[in-house]
Number of protein chains: 2
Amino acid sequence: MENLRVTVDIVIFTVTNGSIQVLLVKRGVPPFEGQYAIPGGFIREDESLENVALRELYEETGVRNVFLEQLYTFGDPKRDPRGRVITVAYYALIASDKYSLVAGADAAEAHWYAANDLPPLAFDHRSIFDYALERLRNKLEYTTVGFQLLPEKFSLGELQAVYEAILGRRLDKRNFRRKLALLGILKPLREWQRTGHKPAQLFRFAARHGNQEVDFDP
Amino acid sequence: MENLRVTVDIVIFTVTNGSIQVLLVKRGVPPFEGQYAIPGGFIREDESLENVALRELYEETGVRNVFLEQLYTFGDPKRDPRGRVITVAYYALIASDKYSLVAGADAAEAHWYAANDLPPLAFDHRSIFDYALERLRNKLEYTTVGFQLLPEKFSLGELQAVYEAILGRRLDKRNFRRKLALLGILKPLREWQRTGHKPAQLFRFAARHGNQEVDFDP
DNA sequence: CCAAAAGTGTTAGGAGTACACCCATGG
DNA sequence: CCATGGGTGTACTCCTAACACTTTTGG
C-alpha cells in the first residue's frame with residue numbers, strides 16, 4: 001500500500017510526590033498545532049520498533065535502561081488527518097530520580113502533567129493514554145513493575161505511595177506490607193531514611209528471576 | 001520511510017475432540033515456499049487493522065462474528081527476507097460447529113493442525129503462535145472467552161474439555177462446575193444430550209454484560 | 001451386566017480485607 | 001510536647017484444591 005506510515009508513540013509515566021505523571025509535548029506544527037501529544041516518531045529503516053521507542057525515550061528524557069513494554073497498535077484509517085498513519089504504542093516507567101528532561105529535543109518542549117488532570121490531547125492520544133494507564137494498573141497487581149518507578153533504595157512508605165498513586169485509591173498499610181513480606185522480593189538494608197519523623201528503613205528490590213524488565217520480546 | 005509494508009496475521013484457534021487446533025496455510029511462493037504459515041494479508045488503504053483480520057478470517061473459514069483480539073505487533077527488521085514488513089498479529093476463536101474451510105481461497109490450502117504438534121513455521125510465525133497460545137491461556141482464566149469455542153448449546157463435559165485442551169492439563173470436575181455455578185453465566189436448558197452414556201444436560205452461555213466479544217477496541 | 005461419562009459435598013489451607021495502637025524523630 | 005509517618009497482629013471471609021461414590025444410559 002502507498003502512503004502508509006508507521007510511528008511509535010510512547011506513554012511515559014513517572015510518579016512524583018504521590019502523583020502519577022505523564023510526559024507530553026506541545027505540538028509546533030499542524031495538525032493539532034499548539035495541542036499536547038504523547039511523544040513519538042517515525043520508524044527508520046532497519047530499526048526495531050522497540051528501538052524507536054528507546055530512542056524517543058532517550059531523546060526526551062535522557063534515560064536508558066527503563067521498563068518498556070509494547071501496548072497496542074492503533075490503526076484506524078482516520079486517526080491522522082494527514083493520511084494513513086499506524087502507530088505502535090508503547091509505555092515506559094521511569095524512576096523519579098532518573099530523568100532529566102531534555103530541552104528543545106524535538107523543537108518541542110516536554111513537560112510532566114498529572115495523569116488525572118491532562119489537557120486535551122491530539123489525535124487519538126487520549127485513547128492511547130487511557131489504555132496505557134489501564135494496563136499499568138493491571139500489571140501492578142500481578143507483576144513487580146511498580147519498582148521501576150522508585151529509586152534503588154526506598155522506604156515502604158514510598159513504595160506504597162507509588163501503588164496508591166497509580167491505582168487511585170488508598171491501601172491498607174499492614175496488608176500491603178504483609179503481602180510484600182510474603183513475596184520475598186525486598187532486601188532490607190541497614191540504612192534508615194531521616195525525614196523529620198520516625199526514620200524509615202530502606203529496602204532494595206531483589207527479584208528472584210529477572211522478570212521485572214521487558215515483559216515480552218520475541 | 002520507504003519500502004515499508006504492514007501485514008495483519010491471524011492465529012485462528014478451534015477445539016475439536018478435546019484437541020486445540022490452529023489454522024495454517026501452505027506457502028506457494030518464496031520465501032519459505034512449501035512451508036506452513038499463519039494466514040495473513042497486506043492492509044488496504046482505508047481499511048482498519050481489525051477489518052483486515054476479519055476479512056482474512058472470512059476468506060479462509062467463511063466465518064463472521066467471532067471473537068477477535070489484537071495480540072502484538074512484530075516488527076523485527078529481519079523478520080521477512082523480502083524487506084521491512086511489520087505485522088500486526090491477531091488471534092481469533094471459532095466454534096467447532098461454525099467453520100467450513102474455504103478451498104483455494106488464497107491459492108493456498110488451509111488446514112487445521114494440532115497446536116501441540118505443529119510443523120515448522122515460516123518467518124517468525126512460531127513466536128506469534130506461542131504468544132497467542134499464552135495469551136489465550138491467560139484470558140481463559142479471567143474472562144469467558146472459552147465459550148467462543150463452543151456451539152450455542154453444550155454440555156458441561158464439553159466445556160471442561162475445551163478448558164483442558166487449551167490449558168493442557170486436567171481439571172477437577174466438581175471444582176470446575178462449582179466455579180461456573182458461582183459465576184452464574186450458564187443458562188440450563190430443558191434439553192439433554194444423548195451420547196451412549198448417561199445423558200448430559202445442555203446449557204447456553206448467558207453473559208451479564210456483553211464483554212465476551214472484542215475485548216478492547218478504541 | 002458392563003463400560004463410560006454425568007452428577008454431586010465436604011474439608012483444609014491460603015489469600016484478601018478490615019481494623020487500632022504504640023514508637024521514634026525533628027521541630 | 002506534639003505532629004507526623006513508621007511499624008506491628010488478629011479475626012473473618014472467600015476462593016482454591018483435594019478427594020470418591022452413585023446414577024443413567026447404550027451396547
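Just so it is clear: chains get the letters A, B, ... in the order the sequence lines come, proteins before strands, and each one is counted from 1.
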(request) Give a yes or no on whether a donor-acceptor pair under 3.5 Å exists between the nucleobase atoms of D:dG7, that is its base, and the side chain of A:K198. (result) no
(message) Check this for me: does the side-chain of B:R174 come within 3.5 Å of the base of D:dA17 through a donor and an acceptor?
(response)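 When only heavy-atom distances are counted, B:R174 does not reach the base of D:dA17 through any donor-acceptor pair under 3.5 Å.
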Which whole-number value in Å describes the distance from [X] [atom1] to [N] [atom2]?
X: A:L171; N: C:dT17; atom1: CG; atom2: P; result: 9 Å
X: B:L180; N: C:dT8; atom1: CG; atom2: C1'; result: 15 Å
X: A:Q160; N: D:dT8; atom1: CD; atom2: P; result: 14 Å
X: A:R170; N: C:dT17; atom1: CZ; atom2: P; result: 15 Å
X: B:L182; N: D:dA17; atom1: CG; atom2: P; result: 14 Å
X: B:K173; N: D:dT23; atom1: NZ; atom2: C1'; result: 11 Å
X: B:F176; N: D:dC19; atom1: CZ; atom2: C1'; result: 18 Å
X: B:Y163; N: D:dT16; atom1: OH; atom2: P; result: 12 Å

Do you know which two heavy atoms are closest between [X] and [Y], and how far apart they sit?
X: A:Q35; Y: A:P120; value: OE1-O, 3.6 Å
X: B:I94; Y: B:T14; value: O-OG1, 2.9 Å
X: B:L171; Y: B:Q160; value: O-NE2, 2.9 Å

(request) Find which nucleotide of DNA chain C each of B:P199 and A:R169 is nearest to by heavy atoms, and output the residue with the more 5' nucleotide. (result)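 Here B:P199 is the residue nearer the 5' end.
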(message) Reading DNA chain C from 5' onward, which residue's closest nucleotide shows up sooner: A:T195 or B:A200?
(response) B:A200
Heavy atoms from C-beta onward define the side chain here; which of [options] lies closest to that of [X]?
X: A:H197; options: D:dT8, C:dT25, C:dG7; value: C:dT25
X: B:L156; options: D:dC19, C:dG7, C:dA15; value: C:dG7
X: B:Q201; options: C:dT25, C:dG7, C:dA4; value: C:dG7
X: A:K179; options: D:dG9, D:dG6, C:dG16; value: C:dG16

(request) Select base, sugar-phosphate, or nothing to describe what A:G196 touches, counting heavy atoms under 4.0 Å on all strands. (result) base
(request) Over 60° means perpendicular and under 30° means parallel, so classify the ring planes of B:F13 and B:F129, tilted if in between. (result) tilted
(message) Can you tell me which residue among B:Q201, B:K153, B:R204 is in a side-chain hydrogen bond (donor to acceptor under 3.5 Å, both in side chains) with B:E191?
(response) B:K153
(message) Quick check: on DNA chain D, is the nucleotide nearest B:N175 upstream (toward 5') of the one nearest A:F203, or the reverse? Name the residue that is more 5'.
(response)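 It is A:F203 whose nearest nucleotide is closer to the 5' end.
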(message) Judged by each residue's nearest nucleotide on DNA chain D, which is more toward the 5′ side, B:R178 or A:S155?
(response)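 Between the two, 5'-proximity favours A:S155.
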(message) Please determine whether a side-chain nitrogen or oxygen atom of A:R177 lies at a distance below 4.0 Å from atom OP1 or OP2 of D:dG7.
(response)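 Yes.
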